[in-house]
Amino acid sequence: MGAAPLRRWGGYIFIAAATAVVLASLLLLVRVTANSAQFADLGKWVVVGNTVLVLAMAVLLARRALRLARDYRRHVPGSRLTVRTVAVFSG
């Protein structure tokens with residue numbers, strides 16, 4: 001098992017892990033709102049889980065932005081259209 005299967009399945013593994021963290025965070029949030037006495041104990045885990053997800057998404061977004069900038073400089077076909085599309089949707 002080399003790097004190719006990991007590269008191929010890595011995105012799916014990340015999506016599955018992120019979905020599990022989001023569902024766990026929602027479950028904790030439901031338990032916290034149902035019982036305010038548990039808020040001190042479980043509230044921090046909700047914040048930690050969401051922070052981990054936000055940081056992971058920021059890293060992935062930065063990697064994609066750097067790859068897009070590299071492709072734009074190298075005049076890769078389709079990169080200019082992708083930059084325009086990203087600019088329109090982020091605006």
Side-chain angles (χ1 to χ4, degrees):
M1 198 167 192
L6 180 62
R7 184 176 296 263
R8 179 178 177 197
W9 294 102
Y12 296 116
I13 292 170
F14 176 76
I15 290 171
T19 302
V21 171
V22 166
L23 290 176
S25 177
L26 286 174
L27 178 66
L28 286 174
L29 194 58
V30 166
R31 289 185 66 190
V32 165
T33 56
N35 186 359
S36 61
Q38 290 181 336
F39 182 75
D41 296 332
L42 297 179
K44 65 181 176 182
W45 292 110
V46 171
V47 172
V48 167
N50 288 335
T51 303
V52 167
L53 273 179
V54 166
L55 290 175
M57 293 299 287
V59 167
L60 288 175
L61 184 61
R63 285 181 58 199
R64 296 296 290 180
L66 290 173
R67 183 183 296 173
L68 181 59
R70 183 193 66 207
D71 289 347
Y72 187 82
R73 283 191 306 264
R74 291 181 180 176
H75 302 289
V76 173
S79 63
R80 296 187 188 280
L81 178 61
T82 305
V83 167
R84 285 189 213 123
T85 306
V86 168
V88 166
F89 281 111
S90 48

For a quick test of your reading: what N or O donor-acceptor pairs under 3.5 Å do the side chains of residues 50-63 make, sequence neighbours left out?
| unit_1 | atom_1 | unit_2 | atom_2 | d |
| --- | --- | --- | --- | --- |
| N50 | OD1 | S25 | OG | 3.1 |
| N50 | ND2 | V46 | O | 3.3 |
| T51 | OG1 | V47 | O | 2.7 |

(message) Quick check on R64: does its CZ atom have over 12 non-hydrogen neighbours (other residues, nucleotides or ligands) under 6.0 Å away?
(response) no

(request) Drop me the distance from L81's CG to Y72's OH, to the nearest 0.5 angstrom. (result) 11.5 Å

(request) Please answer whether the main-chain N or O of H75 pairs with a side-chain N or O of S79 as donor and acceptor at a distance below 3.5 Å. (result) no

(message) If hydrophobic clusters are built by linking Ile, Leu, Val, Met, Phe, Trp and Tyr wherever their side-chain heavy atoms come under 4.5 Å apart, do V21 and L26 end up in the same one?
(response) yes

(request) Would you give the length of the straight line joining atom CZ of R80 to atom CG of L68, rounded to the nearest 0.5 angstrom? (result) 11.0 Å

